[in-house]
Amino acid sequence: VQLQASGGGLVQAGDSLRLSCQASGRTFSSLIMGWFRQGPGKEREFVGAISWSGGNTAYADSVKGRFTISRDNAKITVYLQMNSLKPEDTAVYYCAARYGVVGRGGEEYYYWGQGTLVTVSS
């Protein structure tokens, strides 16, 4: 499985941005998809994840209510809609994939994309 994240950019605080992650491979519909981020000088942290059906999602407390994960299995793409962005959301965002259940640990994800940079100015 290969993952390609896109959609990052420079925005102002309060703006919205949507990230996309396109996967290759035939098993996308069975994969749990997650988003992680790593800010400058920070460790990688969990942002959110979605089950293969889209019926189960999980979010970090820091983004809950502002970020929404969705997926389109026909397009083999997962999205991260980010609203009300804050400067502290500045980070490289990575999409990742695993089998099994929705999880928050990065070590549980087998496949990783290359990351897309989101910069939020104040």
According to a hydrophobic-cluster definition based on side-chain heavy atoms being under 4.5 Å apart (Ile, Leu, Val, Met, Phe, Trp, Tyr only), do [X] and [Y] belong together?
X   : Y    : result
V1  : I69  : yes
M33 : Y99  : yes
Y79 : W35  : no
I50 : W52  : no
Y94 : V118 : no

State, yes or no, whether a side-chain contact exists between [X] and [Y] at a heavy-atom distance under 4.5 Å.
X    : Y    : value
R37  : L80  : no
V101 : I32  : no
Y93  : L117 : no

Around atom CD of E88, are there more than 12 heavy atoms from other residues, nucleotides or ligands closer than 6.0 Å? yes
Any donor-acceptor pair under 3.5 Å from [X] side chain to [Y] backbone:
X   : Y    : value
N73 : I76  : no
S51 : N56  : yes
T77 : K75  : yes
T90 : T119 : no

Straight-line distance of [X] [atom1] to [Y] [atom2], nearest 0.5 Å:
X   : Y   : atom1 : atom2 : result
Q81 : L19 : CD    : CG    : 9.0 Å
R71 : S53 : CZ    : OG    : 8.0 Å
S84 : R66 : OG    : CZ    : 7.0 Å

Pairing of D89 and K86 as salt bridge, 4.0 angstrom limit: no
Exercise: identify the closest heavy-atom pair between V102 and A58: CG1-CB, 3.8 Å
So which heavy atom on A97 is nearest to which on L3, and how close? N-CD1, 3.9 Å
N/O donor-acceptor pairs under 3.5 Å from side chains in residues 106-114, not counting sequence neighbours:
unit_1: E108; atom_1: OE1; unit_2: R98; atom_2: NH1; d: 2.8
unit_1: E108; atom_1: OE1; unit_2: G105; atom_2: N; d: 3.4
unit_1: Y109; atom_1: OH; unit_2: G103; atom_2: O; d: 2.6
unit_1: W112; atom_1: NE1; unit_2: Y109; atom_2: O; d: 3.2
unit_1: Q114; atom_1: OE1; unit_2: A5; atom_2: N; d: 3.3
unit_1: Q114; atom_1: NE2; unit_2: A5; atom_2: O; d: 2.9

In terms of the angle between their ring planes, are F46 and F36 parallel, tilted or perpendicular, with boundaries placed at 30° and 60°? perpendicular
S16 side chain to N83 side chain, donor-acceptor N/O pair below 3.5 angstrom: yes
